[in-house]
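What follows is a short report on a single structure.
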There are 2 protein chains.
Amino acid sequence: MKKLTIRDIAELAGVGKSTVSRVLNNDPKVKTETQTKIREIIKEVGYKPSAVARAMNNQPIKSIGIVVTRLSSSAENQALSEIIDFFHQHEYEVLVLESRYDSELLNTHIELMVQKQVEGIIFFGFTDQGLVNKELFNGNIVMIAVEQPGISSVTTNSPLAVKHCFEYLKTHGARNIAFLGVHESDIQTGKLRLDAYKEACATHKTKPIIYLTDMEYADGVKGCKALLKAGADAVICGTERLTGGALVHLLREGKSDLPVAAVGINDYIRILNPGIFAADLQYAKVGKEAAVLLFQKMKGNNKNTDTVVEPLMTELAEL
Amino acid sequence: MKKLTIRDIAELAGVGKSTVSRVLNNDPKVKTETQTKIREIIKEVGYKPSAVARAMNNQPIKSIGIVVTRLSSSAENQALSEIIDFFHQHEYEVLVLESRYDSELLNTHIELMVQKQVEGIIFFGFTDQGLVNKELFNGNIVMIAVEQPGISSVTTNSPLAVKHCFEYLKTHGARNIAFLGVHESDIQTGKLRLDAYKEACATHKTKPIIYLTDMEYADGVKGCKALLKAGADAVICGTERLTGGALVHLLREGKSDLPVAAVGINDYIRILNPGIFAADLQYAKVGKEAAVLLFQKMKGNNKNTDTVVEPLMTELAEL
DNA sequence: CTGAAAGCGCTTACAG
DNA sequence: CTGAAAGCGCTTACAG
C-alpha cells in the first residue's frame with residue numbers, strides 16, 4: 001500500500017489538488033459541501049499530509065529545542081516535563097539535548113538546532129555558558145536560571161527563599177543560624193544564595209557561619225558536621241543535595257531536632273525530615289512559564305520578559 | 001541576508017546544481033578539483049543544505065522517538081541520557097515523550113511518531129501497556145523493561161539481583177530475611193522480584209516474610225517497620241524508593257546495623273548507608289544497549305534480540 | 001468557489 | 001565527469 005498524496009485525494013473526490021490543499025488549510029472560501037466531501041474521503045482512506053512537503057512551502061515543521069544541563073537533575077526534569085507537555089499539546093516536536101555544564105557543547109547543540117530550523121529554544125543556563133547570540137531563532141529564545149540582556153528569561157527567586165529560611169529560623173528561636181552552600185564560583189546556586197544569607201545576617205546583626213562546598217550528598221554531610229562544630233544551632237541548606245546530606249548527618253547523630261531550613265524540596269528531603277521548613281523553588285512552574293513565554297514569542301510577541309518565579313514556602317506537617 | 005540554496009552555490013562555483021548536489025552526497029564520480037572548489041565555496045559562505053528538501057526525495061530526516069514513563073525516574077533518565085547521546089552522535093533528532101504509565105497516552109505518542117515518520121522508537125514498557133503493533137516503523141522498535149514476542153527488548157535481570165541479595169544476607173549470618181517489595185500487580189517491579197525472593201526462600205528452606213506496598217518513600221518506612229515487628233533480622237528492598245524509606249526508618253530507630261540489601265542503587269541510598277550491599281540494575285547500560293540495538297535494526301539487521309543486562313553487585317566501602 | 005501552473009530546494013536517471 | 005530536466009508533495013497567486 002503506497003503512501004497517499006494530495007493528488008490521490010483530489011482524484012477520489014473529483015476535484016483539483018488546490019481544493020484539497022485549501023481544505024487541509026481550513027480555507028473558508030471552499031464550499032461547505034465540497035469541504036465535507038473531501039474531509040470524509042481523507043478520514044476514510046486515512047490520508048495524512050506530508051509535513052515535509054508542507055515545510056518546503058515555508059510552513060515550518062513545528063518544532064522547538066530544549067537544552068538541559070543534566071537530565072538527572074530533578075529540578076530540571078520537572079521543568080522539562082512541563083515544557084514537553086505544553087509543546088506536545090500544541091503539536092510541536094520537542095528536541096531534547098544535554099549540555100552537561102559545558103559551554104562548547106551548549107554551542108554545538110544550539111548550532112544543531114539552528115540547522116534543524118527549530119522555531120525556538122529553551123535552555124537551562126549555567127555560570128560559564130558565555131553569551132548567547134540573541135539573533136538566533138528570530139529571537140525565539142528563553143533562558144532558564146540565568147539572565148542575559150536582550151533575551152527572555154525565567155529564574156527562581158532563590159535569594160528570597162534564603163531570606164525566608166533565615167527569618168523562619170530566627171523567629172523560631174535560633175541564634176546561630178549557619179549557611180551550608182555551594183562555592184561562590186557558581187553564580188546561580190552559589191553566590192546569589194550566599195549573598196542573600198549574608199544580607200540577612202547583616203539585617204539581623206548576626207555573625208555569619210558559612211560552609212561552602214560542592215554539590216554532592218557527601219558534601220552536605222561534611223558541611224553539616226563542620227557547622228555544628230562551629231556552633232550553629234540552626235542550618236540553612238542551599239541546595240537539595242546539601243539538604244539531603246545534612247539531614248542524613250543529623251539523623252545519624254541523633255540530632256534531628258536541630259532546626260533546618262532548605263532551599264529546594266523533594267520527596268527525599270520530605271521523608272528525611274517531614275517537619276522541615278522548605279522553600280519550593282517551583283521548577284515545574286518555571287518550566288511552564290518558560291514554555292508559555294517561548295510560545296508567545298513565536299506567535300509574534302517580541303518584547304523580552306524576565307520572569308521570576310517566587311518560591312513557595314512549606315512548613316511541612318508531621319507525617 | 002537570504003537563505004542560500006544549492007543554486008547559489010552552483011552559480012558561485014560556475015557549475016550545475018547537479019554537481020553541487022553530488023558533492024553534497026559524496027558522489028566519488030565528481031572530479032577532485034571540482035569537489036574541492038565546491039567544498040571551499042560551501043564552507044566560505046556557510047551554506048547548509050535544507051534537510052526538508054532532502055527529505056522530499058526520500059532521504060528521510062534522521063530521527064527517532066523515545067517514550068519514557070516518567071522523566072523523574074532516575075533509572076529512566078540515566079537510560080535516556082545514553083540514548084540521546086548515542087543518537088545525537090549519529091546525527092539523529094531525538095523526540096522525547098512521557099507515557100506516565102498510561103497505555104492510551106503511549107498509543108497516542110506512538111501514533112504521533114508514526115506521523116512524524118521517525119525511523120524507529122525506543123520505549124519503556126510497563127505492566128498494562130497492551131500489545132504494540134510490531135509492524136510499525138518497519139519493525140524498528142525496542143522495548144525496555146518489558147518483553148513482547150516479535151519485538152526486540154532490553155531488560156534488567158532483577159530476579160537475579162534479588163537472588164544475590166538473599167544469598168549475600170544469608171552468608172552474612174541473617175536468618176529471617178524479609179522482602180520489602182511492590183504489589184504483585186506490577187509485573188516488572190513487583191511480581192518478578194517477589195517470585196525470585198520466594199524461590200530463594202524455598203531453596204534455602206526459609207520461611208518468607210513479605211511486605212508488599214506502593215512505590216513511595218513513605219511506603220518503605222512503613223514496610224520496614226512492619227517487617228522488623230514481624231521478626232526480620234535482615235531486609236531485601238525491592239526498589240530504590242523502598243530502600244530509601246527503609247534506610248531512613250532504620251536510621252531514625254538507631255538500627256542502622258540491621259543488614260539491608262537493595263535492588264537498585266543511587267547516590268541517595270549510598271549516603272544513607274555507605275556499606276549497603278546493592279545490585280546496580282545498570283540503567284545507563286540498558287539505555288546504551290537499546291540505542292545500539294535500534295541502530296542496528298535501522299541499518300537492516302532485522303532479527304529480534306532480547307537482551308538482558310546483568311546487575312552489578314556492589315558491596316560498598318565505608319565512606 | 002475552483003483549477004492549472006509555478007515554485008519551494010533538493011536528488012537522480014538520462015544523455016552527453 | 002557534468003548538466004538539463006523531471007520529480008518529490010505540497011501551497012498559493014492568478015485567472016476564471
Side-chain angles (χ1 to χ4, degrees), chain A residues 1-43 45-63 91 93 114-119, chain B residues 1-43 45-63 91 93 114-119:
Chain A
M1 182 196 93
K2 66 183 277 294
K3 189 100 184 96
L4 290 167
T5 74
I6 202 173
R7 159 176 237 126
D8 300 312
I9 306 303
E11 281 171 6
L12 287 172
V15 300
K17 290 190 297 169
S18 330
T19 305
V20 177
S21 175
R22 289 192 183 99
V23 170
L24 253 22
N25 292 291
N26 299 311
D27 185 330
K29 289 202 289 290
V30 178
K31 209 200 302 172
T32 327
E33 308 156 38
T34 326
Q35 279 192 40
T36 45
K37 186 172 66 180
I38 293 178
R39 280 191 216 288
E40 270 168 19
I41 293 179
I42 287 177
K43 179 165 288 176
V45 300
Y47 164 72
K48 304 272 180 202
S50 149
V52 161
R54 306 193 62 185
M56 283 290 299
N57 299 280
N58 287 322
Q59 324 275 314
I61 291 183
K62 290 166 34 170
S63 68
E91 303 193 292
E93 274 180 23
V114 169
Q115 224 178 301
K116 294 287 180 194
Q117 311 197 41
V118 301
E119 287 180 50
Chain B
M1 182 197 94
K2 66 183 277 296
K3 190 99 184 94
L4 290 166
T5 74
I6 201 172
R7 160 177 236 127
D8 300 312
I9 306 303
E11 281 170 7
L12 287 172
V15 301
K17 291 189 297 169
S18 331
T19 305
V20 177
S21 176
R22 287 190 186 100
V23 171
L24 253 21
N25 293 289
N26 299 311
D27 185 330
K29 290 201 288 289
V30 179
K31 211 200 300 172
T32 326
E33 310 156 36
T34 326
Q35 279 192 40
T36 46
K37 187 172 66 181
I38 293 178
R39 278 190 218 288
E40 269 167 18
I41 293 179
I42 287 177
K43 179 166 287 176
V45 300
Y47 163 71
K48 305 271 180 201
S50 149
V52 161
R54 306 192 63 183
M56 282 290 299
N57 299 280
N58 286 320
Q59 323 275 315
I61 291 182
K62 289 169 27 172
S63 69
E91 304 192 293
E93 273 179 24
V114 170
Q115 222 179 304
K116 295 286 180 196
Q117 311 198 41
V118 301
E119 288 181 51

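Below, chain A is the first sequence line, B the second, and so on; all start at residue 1.
- In this structure, D:dC14 forms a base pair with C:dG3, meeting either the Watson-Crick or the G-U wobble geometry with both donor-acceptor distances under 3.5 Å.
- Here D:dG7 presents its P atom at 12 Å from NZ of A:Lys17, a figure rounded to the nearest Å.
- In this model, the phosphate group of C:dT12 is not approached by any side-chain N or O of B:Asn25 to a distance below 4.0 Å at OP1 or OP2.
- Between A:Ile6 and B:Asp27, the residue whose closest nucleotide on DNA chain D is further toward the 5' end is B:Asp27.
- We find that CD1 of B:Ile61 is positioned 13 Å from C1' of D:dG9, with the value rounded to whole Å.
- For D:dA5 and D:dC1, the P atoms lie 24 Å apart once the distance is rounded to whole Å.
- Side chain of A:Asp27 to backbone of A:Lys29: a donor-acceptor contact under 3.5 angstrom is found.
- In this structure, the NZ atom of B:Lys37 is 15 Å from the P atom of D:dC1, given to the nearest Å.
- You'll find that the side chain of A:Thr5 is closest to D:dG9, out of D:dG9, C:dT2, C:dG9.
- Backbone-only contact: A:Ser50 has heavy atoms under 4.0 Å from sugar-phosphate atoms and none from a base.
- Which of D:dC10, C:dC1, D:dT2 sits closest to the side chain of A:Lys31 comes down to C:dC1.
- Atom CG in B:Leu24 sits roughly 8 Å away from atom P in C:dC10 (whole-Å rounding).
- Within 4.0 Å of A:Val52, counting heavy atoms only, lies no atom of the nucleic acid at all.
- The CD atom of A:Glu11 sits 11 Å away from the P atom of C:dA4 (whole-angstrom rounding).
- Remark: side-chain polar atoms of A:Asp8 are paired, donor with acceptor, to backbone N or O of A:Thr5 under 3.5 angstrom.
- Between B:Arg22 and A:Ser18, it is A:Ser18 whose nearest contact on DNA chain C lies nearer the 5' terminus.
- Atom CG of B:Asn57 and atom C1' of C:dT11 are 4 Å apart (whole Å).
- When distances run from any side-chain atom of B:Ala53 to the nucleotides C:dC10, D:dT11, C:dG3, the shortest one goes to C:dC10.
- Between B:Tyr47 and C:dG9 there is no side-chain polar atom (N or O) within less than 4.0 angstrom of OP1 or OP2.
- Between A:Thr19 and C:dC1, a side-chain N or O to OP1/OP2 separation shorter than 4.0 Å is absent.
- Side-chain N or O atoms of A:Asn57 include one that pairs as donor or acceptor with a backbone N or O of A:Ala53 at under 3.5 Å.
- For the pair B:Arg7 CZ and C:dC10 P, the interatomic distance rounds to 11 Å; values are reported in whole Å.
- Distance CD1/B:Ile9 to CD1/B:Ile38: 9.5 Å, rounded to 0.5 Å.
- As rounded to the nearest Å, C:dT2 and C:dA6 have P atoms that lie 23 Å from one another.
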Query - Candidate pair B:Val52 and A:Ile61, rule side-chain contact (heavy atoms from CB on, under 4.5 Å), full reasoning - result: CA-CA 9 Å; B:Val52 161; A:Ile61 291 183; 4.0 Å; yes
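- Nucleotide D:dG7 holds its P atom 16 Å from the CE atom of A:Met56, rounded to whole Å.
- Within a 6.0 Å radius of CZ in A:Arg39, other residues, nucleotides and ligands contribute more than 12 heavy atoms.
- Of the candidate nucleotides D:dT11, C:dT2, C:dT11, C:dT2 has the atom lying nearest to any side-chain atom of A:Thr34.
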